J.: 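Let me give you the structure first, and then I'll get to my questions.
On a predicted model such as this, the values are computed, not experimentally measured, just so you know. The chains referred to below are lettered A, B, ... by the order of the sequence lines, with proteins before strands, and numbering in each begins at 1.
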Protein chains: 2
Amino acid sequence: MSVNVENIPAAAEDARLVQRLRAAGLRPTKQRLAIAGLLLDGRHRHVSADSLAREIRDAGMQMAGGTVYNTLNQFTDAGLLRRVTVHNEHSVFDTNTSHHHHFYDAETDRLIDIPADQVLLADLPNAPKGHDIASVDVLIHISSKNG
Amino acid sequence: MSVNVENIPAAAEDARLVQRLRAAGLRPTKQRLAIAGLLLDGRHRHVSADSLAREIRDAGMQMAGGTVYNTLNQFTDAGLLRRVTVHNEHSVFDTNTSHHHHFYDAETDRLIDIPADQVLLADLPNAPKGHDIASVDVLIHISSKNG
DNA sequence: ATTTGTGCAAATCGTTTGCATCTGA
DNA sequence: TCAGATGCAAACGATTTGCACAAAT
């Protein structure tokens with residue numbers, strides 16, 4: 001009996017990612033697949049260019065720093081990731097691209113997702129003349145209780 | 001009749017600023033007074049280190065770039081200014097230190113204050129275990145209607 | 001006189017870019 | 001083949017820092 005490639009989870013996952021990248025208009029190159037494998041597995045996570053580069057190295061792969069940045073930007077432009085503005089230190093990318101908000105703990109530089117329906121904006125001001133509201137970001141800063 | 005220094009507006013303003021800085025625990029040096037004169041006049045404005053440096057030069061004064069940064073940070077630590085996180089390009093400082101939110105127009109990199117009472121957060125999630133909500137920032141991105 | 005701040009330049013940090021080389025279609 | 005990617009290093013822009021000098025108390 002021959003082995004069907006489709007039955008090998010890793011290969012199946014790979015094929016899925018190839019399609020996902022193609023659908024996003026991105027050529028499925030080795031390094032894009034590597035990053036997609038780490039980030040686009042359905043889990044919701046937050047990464048920085050730096051933390052991702054570390055993760056890639058820890059996985060035994062190697063990639064130029066610039067490529068990590070470029071790939072994150074391409075994924076973001078393609079809508080596969082969302083850039084979250086938290087502070088000015090470094091960019092944070094969110095694998096959860098749906099509408100939601102965040103808790104931010106400055107002590108640990110950690111972000112926690114808040115489903116959009118848990119934050120009810122009862123009253124919003126009108127956008128200034130000639131402008132529309134494009135998006136609303138709510139960032140809730142938290143600190144440990146005996147802070 | 002002798003001239004009373006207190007009657008000269010500029011001098012009176014200067015005296016007020018000297019006290020303001022002292023109260024904040026900052027020595028009233030020439031350059032801190034210069035920046036305080038520009039920023040702490042009661043008007044609500046948003047400046048970046050760069051725009052402030054330009055403003056200082058345009059006023060005929062001169063100041064080392066590092067001093068502008070250091071002073072903005074000192075003022076912020078002292079509570080005279082508030083740092084607003086809008087994006088990762090550069091820091092924005094707000095002379096309005098009271099609780100409020102912002103519109104942000106990426107096209108012009110302009111911030112507009114929204115009084116706190118115009119944004120009603122009807123429902124907020126509880127902070128994660130062991131944590132308290134420190135502050136809530138609402139940033140509303142706007143774009144021109146014929147975007 | 002002492003402490004604190006400033007000026008300036010160099011250093012740092014995150015990120016982007018240019019260009020020769022390589023790779024996927 | 002050939003457009004499009006990668007690797008690397010240099011370039012960059014914002015911000016911080018180290019140290020000799022100057023000003024505030």
J.: Please list, chain by chain and in numerical order, all residues satisfying side chain to side chain donor-acceptor pair (under 3.5 Å) with A:Arg27, sequence neighbours excluded.
T.: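 With sequence neighbours excluded, A:Arg27 shows a side chain to side chain donor-acceptor pair (under 3.5 Å) to no residue whatsoever.
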J.: Looking at A:Asp132 and A:Ala134, would you say the former's side chain and the latter's main chain have a donor-acceptor pair under 3.5 Å?
T.: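 Looks like no, no N/O pair under 3.5 Å.
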J.: Report, one line per pair, each donor and acceptor closer than 3.5 Å where one atom sits in a side chain of residues 76-85 of chain B; sequence neighbours left out.
T.:
| residue | atom | partner | partner atom | Å |
| --- | --- | --- | --- | --- |
| B:Thr76 | OG1 | B:Leu72 | O | 2.8 |
| B:Arg82 | NH2 | B:His100 | O | 3.2 |
| B:Arg83 | NH1 | B:Ser91 | OG | 3.0 |
| B:Arg83 | NH2 | B:Asn73 | OD1 | 2.6 |

J.: Can you check the A:Gln74 CD to C:dT17 P distance for me, whole Å?
T.: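 Distance, rounded to whole Å: 12 Å.
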J.: If we fit an axis to the first five pairs and another to the last five of the helix from C:dA1-D:dT25 to C:dA25-D:dT1, what angle do they make, to the nearest 10°?
T.: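 Angle reported: 30°, given to the nearest ten degrees.
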J.: Could you go through nucleotides 11-15 of chain D and list every protein N or O atom that sits under 3.5 Å from one of its N or O atoms, giving the distance for each pair?
T.:
| residue | atom | partner | partner atom | Å |
| --- | --- | --- | --- | --- |
| D:dT15 | OP1 | B:Ser91 | N | 2.5 |
| D:dT15 | OP1 | B:Ser91 | OG | 3.2 |
| D:dT15 | OP2 | B:Tyr69 | OH | 2.9 |

J.: Mind checking whether B:Val47 and B:Leu40 sit in one hydrophobic cluster, side chains of I, L, V, M, F, W, Y counted as touching below 4.5 Å?
T.: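 Yes, same cluster.
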J.: For a quick test of reading the model, state the closest non-hydrogen atom pair linking B:Asp41 to B:Arg43 and the distance between them.
T.: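 B:Asp41 and B:Arg43 have their closest heavy atoms at OD1-N, 3.0 Å.
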J.: Cluster partners of B:Leu120, using ILVMFWY side-chain heavy atoms under 4.5 angstrom, listed by chain and number?
T.: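 Cluster partners of B:Leu120: none, it stands alone.
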J.: Does the pair A:Gln31 and A:Thr71 meet the rule for a side chain to side chain donor-acceptor pair (under 3.5 Å), with working shown?
T.: CA-CA 8 Å; A:Gln31 24 294 324; A:Thr71 304; over 6 Å; no
J.: Quick check: is A:Met63 connected to A:Tyr69 through a chain of hydrophobic side chains (ILVMFWY, heavy atoms under 4.5 Å apart)?
T.: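 Unlinked, A:Tyr69 and A:Met63 end up in two clusters.
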J.: Mind listing the closest non-hydrogen atom pair of A:Val68 and A:Ile35 along with its distance?
T.: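 So the two residues come closest at CA-CD1, 4.4 Å.
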J.: Tell me, please, which residues at least two apart from A:His87 pass side-chain contact (heavy atoms from CB on, under 4.5 Å).
T.: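 By the side-chain contact (heavy atoms from CB on, under 4.5 Å) rule, A:His87 matches A:Glu89, A:His90, A:Tyr104, A:Asp109.
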J.: Mind calculating the distance between CG (B:Leu72) and C1' (D:dT16) to the nearest angstrom?
T.: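 The distance from CG of B:Leu72 to C1' of D:dT16 comes to 13 Å, rounded to the nearest Å.
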J.: Mind checking salt bridge (Lys or Arg N to Asp or Glu O under 4.0 Å) for A:Arg54 and listing every partner two or more places apart, or none if nothing turns up?
T.: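 Here the qualifying residues are A:Asp50.
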J.: Applying side chain to side chain donor-acceptor pair (under 3.5 Å), which residue pairs with at least one partner in residues 117-131 of chain A are found, sequence neighbours left out?
T.: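 Sorted pair list comes back empty.
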J.: Strictly below 4.0 Å, heavy-atom distances to any atom of DNA chain D: list the hits from residues 56-64 of chain A, or just say none.
T.: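 When residues 56-64 of chain A is checked for heavy atoms under 4.0 Å from DNA chain D, the hits, listed by number, are A:Met63, A:Ala64.
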J.: So, A:Asp137 versus A:His102: side-chain donor-acceptor pair below 3.5 Å or not?
T.: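 Side-chain D/A pair, A:Asp137 to A:His102: absent.
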J.: In the hydrophobic clustering that connects Ile, Leu, Val, Met, Phe, Trp and Tyr at side-chain heavy-atom distances below 4.5 Å, which members other than A:Ile140 occupy its cluster, ordered by chain and number?
T.: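 ILVMFWY cluster around A:Ile140 also holds A:Phe103, A:Ile112, A:Ile114, A:Val119, A:Leu121, A:Leu124, A:Ile133, A:Val136, A:Val138, A:Ile142, B:Phe103, B:Ile112, B:Ile114, B:Val119, B:Leu121, B:Leu124, B:Ile133, B:Val136, B:Val138, B:Ile140, B:Ile142.
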J.: Measure from CG on A:Asp77 to C1' on D:dG4 and round the result to the nearest Å.
T.: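 Going from CG in A:Asp77 over to C1' in D:dG4 covers 16 Å.
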J.: Identify the pairs formed between an N or O of the protein and an N or O of nucleotides 17-21 of chain D at a distance under 3.5 Å, and give each distance.
T.:
none

J.: Restricting both atoms to N or O, compile the protein contacts to nucleotides 21-25 of chain C shorter than 3.5 Å, with distance only.
T.:
| residue | atom | partner | partner atom | Å |
| --- | --- | --- | --- | --- |
| C:dA25 | OP1 | A:Arg22 | NH2 | 2.4 |

J.: So among A:Thr95, A:Asn96, A:Asp113, which one has a side-chain hydrogen bond (donor to acceptor under 3.5 Å, both in side chains) with A:His46?
T.: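 Going through the options one by one, the only one that passes is A:Asp113.
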J.: Can you tell me the distance, in whole Å, between the CG atom of A:Leu52 and the C1' atom of C:dT15?
T.: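 So the two atoms are 15 Å apart, to the nearest Å.
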J.: Once you round it to whole Å, what is the distance between P of C:dT15 and NE2 of A:His87?
T.: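 Atom-to-atom, A:His87 to C:dT15, this comes out as 10 Å.
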